[in-house]
2 protein chains.
Amino acid sequence: MVNKNIPDIVVGRLPLYLQTLNQMAREGFHVASSTVIAERLGTTAAQIRKDLSYFGGFGKQGMGYQLFLLIDELQKILNIDHIWQVALVGAGDLGHALIHYQGFARHGFEIILAFDNDPAKVGTVIGPIVIKNIDTMEAEIKSRGIKVGLITVPARNAQEIAERIVVCGVKAILNYAPTTLILPEGIQVQNVDPILYLQRMTYYLSD
Amino acid sequence: MVNKNIPDIVVGRLPLYLQTLNQMAREGFHVASSTVIAERLGTTAAQIRKDLSYFGGFGKQGMGYQLFLLIDELQKILNIDHIWQVALVGAGDLGHALIHYQGFARHGFEIILAFDNDPAKVGTVIGPIVIKNIDTMEAEIKSRGIKVGLITVPARNAQEIAERIVVCGVKAILNYAPTTLILPEGIQVQNVDPILYLQRMTYYLSD
DNA sequence: TAGATTGTTAATCGATTAACAATC
DNA sequence: TAGATTGTTAATCGATTAACAATC
């Protein structure tokens with residue numbers, strides 16, 4: 001499925017739509033209008049219809065959208081209609097927590113490899129995973145064809161690690177390190193440093 | 001410091017600028033031009049100058065920006081020139097990890113309260129914190145004047161918890177629950193569900 | 001059929017970029 | 001002074017919103 005010049009910002013909203021549609025399906029709904037979805041998301045019906053129309057006409061006039069159909073389509077569009085194997089680098093507190101977090105597996109992101117450079121950690125077990133030596137990282141990632149990486153190393157090491165995993169085939173990086181990664185065109189990066197989000201909110205708080 | 005109609009999207013970039021400026025300061029730089037900062041952030045010099053100019057003229061022609069001065073100004077603008085006390089709700093795996101995470105305290109966000117509704121967890125200690133019964137949440141948050149909340153409860157409870165802490169004075173919520181919160185005008189919410197970020201990246205991956 | 005709601009177009013609004021005079 | 005780089009304006013680009021014909 002090739003990028004047909006869909007705006008990035010539209011793609012970024014699709015997972016949010018999917019989340020809400022799944023929630024409604026769990027609540028027993030079978031159809032939803034753009035208005036109802038918009039209310040749950042704090043957005044506008046026009047935006048939802050416009051966004052979806054980039055990909056096709058999934059609704060029916062007078063009726064709205066069939067939940068199961070739309071969920072299915074969105075999963076296909078987002079390429080999450082199958083399981084993605086994931087490698088994690090950096091087995092500190094945060095790495096630990098992420099390996100234990102069930103949410104990844106539940107959404108089809110299976111952490112199957114974890115690496116650390118601390119000899120004391122190598123060989124230890126976290127949940128279903130054995131921490132491996134970072135020297136074996138490239139070989140392991142390449143041999144399994146892993147495309148998605150989670151970076152949970154300290155900021156000063158993040159750029160180097162990112163470059164190394166990109167070289168062996170990783171195409172998407174979820175970066176927990178508090179630093180900006182500069183990577184080749186076409187490599188996807190999302191930063192999830194919570195400090196950035198907190199600081200962006202405190203701007204609006206009078207002390 | 002009152003919102004002078006600064007675009008949200010500009011405010012959202014300031015923490016990123018601050019992060020990079022701090023990094024450069026640690027590396028020993030004393031000044032930086034918009035071009036150099038832009039390179040590190042993968043953005044453009046024009047955007048950085050434009051963004052900063054909403055708040056004042058912090059640079060000098062021909063010279064660039066004095067790092068310490070600009071860092072100081074950004075901290076004031078973002079209201080992070082003092083410590084924010086934070087309450088966390090939901091002491092599961094994720095809550096645990098966040099309490100242990102040193103990054104919050106290091107950036108002036110001090111988690112001083114944690115709540116859970118599980119009687120088995122109430123009274124247990126995580127790091128420097130005793131988990132309190134959620135029944136005492138409103139009273140505790142109000143009496144300490146806490147303005148910032150971290151929500152790490154399951155999705156189905158997140159909306160209710162958010163409403164409860166907003167009623168007792170919380171104005172900014174970092175929401176780890178995989179659901180959209182609908183809250184009154186003026187309440188700040190940022191969502192940090194990693195699944196959303198992963199899904200947004202897999203769109204661009206051919207399988 | 002009447003009512004509801006989509007998909008789409010055009011209008012509006014806002015953000016980014018380019019360019020350059022001001023000035024350190 | 002000459003070179004560099006800011007702050008700002010105007011031009012461009014892109015995203016959101018409003019409106020409505022099409023149609024279930």
Side-chain angles (χ1 to χ4, degrees), chain A residues 3-17 20-21 24 29-74 77 180 185 200 203-204, chain B residues 3-17 20-21 24 29-74 77 180 185 200 203-204:
Chain A
N3 185 338
K4 285 176 300 221
N5 273 52
I6 314 288
D8 232 55
I9 198 158
V10 171
V11 174
R13 284 191 291 257
L14 299 184
L16 230 30
Y17 298 164
T20 296
L21 296 169
M24 294 188 72
F29 290 87
H30 289 97
V31 294
S33 68
S34 55
T35 308
V36 168
I37 302 168
E39 262 165 31
R40 294 202 171 214
L41 281 162
T43 179
T44 65
Q47 182 164 82
I48 290 176
R49 294 202 302 276
K50 186 103 213 295
D51 285 356
L52 293 177
S53 75
Y54 280 102
F55 303 95
F58 303 126
K60 287 223 194 323
Q61 283 97 328
M63 299 266 81
Y65 300 89
Q66 292 282 340
L67 282 184
F68 291 105
L69 187 141
L70 186 51
I71 288 170
D72 205 63
E73 292 289 349
L74 285 175
I77 291 165
T180 300
E185 186 88 352
R200 152 175 213 170
Y203 169 81
Y204 297 98
Chain B
N3 185 338
K4 285 175 301 218
N5 275 51
I6 312 289
D8 234 54
I9 198 160
V10 171
V11 173
R13 283 191 292 257
L14 299 184
L16 230 31
Y17 298 164
T20 295
L21 296 169
M24 295 188 73
F29 291 87
H30 288 96
V31 295
S33 68
S34 55
T35 308
V36 168
I37 302 169
E39 263 165 31
R40 294 202 171 215
L41 281 161
T43 179
T44 65
Q47 182 165 80
I48 291 176
R49 291 202 303 276
K50 186 103 214 296
D51 284 356
L52 294 177
S53 76
Y54 280 102
F55 302 97
F58 302 128
K60 286 222 195 325
Q61 283 98 327
M63 299 267 80
Y65 300 88
Q66 292 282 341
L67 283 183
F68 290 104
L69 187 141
L70 186 52
I71 288 170
D72 204 64
E73 292 289 349
L74 285 175
I77 291 164
T180 300
E185 184 90 352
R200 151 177 214 168
Y203 169 81
Y204 295 98

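Atoms considered below: every heavy atom in the structure, side chains included; atoms not considered: hydrogens, waters and symmetry mates. Just so it is clear, the model here is predicted, and its values are computed rather than measured.
For the side chain to side chain contact (heavy atoms under 4.5 Å, CB included) test with Arg13(B), the passing option among Ile48(B), Leu41(B), Asp51(B) is Asp51(B); the others fail.
For Lys50(B), whose side chain is taken as the heavy atoms from C-beta onward, the closest listed nucleotide among dA15(D), dC20(D), dT8(D) is dT8(D). Out of dT6(D), dT8(D), dT16(C), the shortest distance to the side chain of Ser53(B) is found at dT8(D). The side chain of Gln61(B) sits closest to dC24(C) out of dC24(C), dT16(C), dT5(C). Among dT16(D), dA15(D), dG7(D), the nucleotide with an atom closest to any side-chain atom of Tyr65(B) is dG7(D). Each of dA22(D), dT8(D), dT17(D) was ranked by its minimum atom distance to the side chain of Arg49(B); first place goes to dT8(D).
Nucleic acid contact for Thr44(A): sugar-phosphate only, since backbone atoms but no base atoms lie under 4.0 Å from a heavy atom of the residue. Residue contacts for Ser34(A): at a heavy-atom cut-off of 4.0 Å it reaches the sugar-phosphate backbone alone, with no base atom in range.
Following rounding to the nearest Å, Ile48(B) (CD1) and dT8(D) (P) show an atom-to-atom distance of 16 Å. Here dT17(D) presents its C1' atom at 16 Å from CG of Leu52(A), a figure rounded to the nearest Å. Between the CD atom of Gln47(B) and the C1' atom of dG14(C) there is a distance of 13 Å, rounded to whole Å. Atom CE of Met63(B) is separated from atom P of dG7(D) by 13 Å (rounded to the nearest Å). One interatomic measurement links the two molecules: CG of Asn5(A) to C1' of dA15(D), which rounds to 15 Å at whole-angstrom precision. Distance CD1 (Ile9(B)) to C1' (dC13(C)): 14 Å, rounded to an integer number of Å. Atom C1' of nucleotide dA15(D) and atom CG of Asp8(B) are separated by 15 Å, given to the nearest angstrom. Residue Phe58(B) contributes atom CZ, which lies 17 Å from atom P of dC24(C) at whole-angstrom precision.
Ring geometry for Tyr203(A) versus Phe55(B): interplanar angle over 60°, hence perpendicular rather than tilted (30 to 60°).
Pairing for dG3(C) goes to dC24(D), judged as Watson-Crick or G-U wobble with the two contacts each under 3.5 Å. The nucleotide dG14(C) finds its pairing partner in dC13(D), both defining distances of the Watson-Crick or G-U wobble pair being shorter than 3.5 Å.
Between the side chains of Thr20(B) and Arg40(B), not a single donor N or O lies within less than 3.5 Å of an accepting N or O.
Tyr65(A) places a side-chain heavy atom less than 4.5 Å from the side chain of Leu52(A). In this structure, Phe68(B) and His30(B) have side chains that are in contact, with non-hydrogen atoms separated by less than 4.5 Å.
Of the residues near DNA chain D, Gly62(A) and Thr43(A), the one whose nearest nucleotide (by heavy atom distance) lies more toward the 5' end is Thr43(A).
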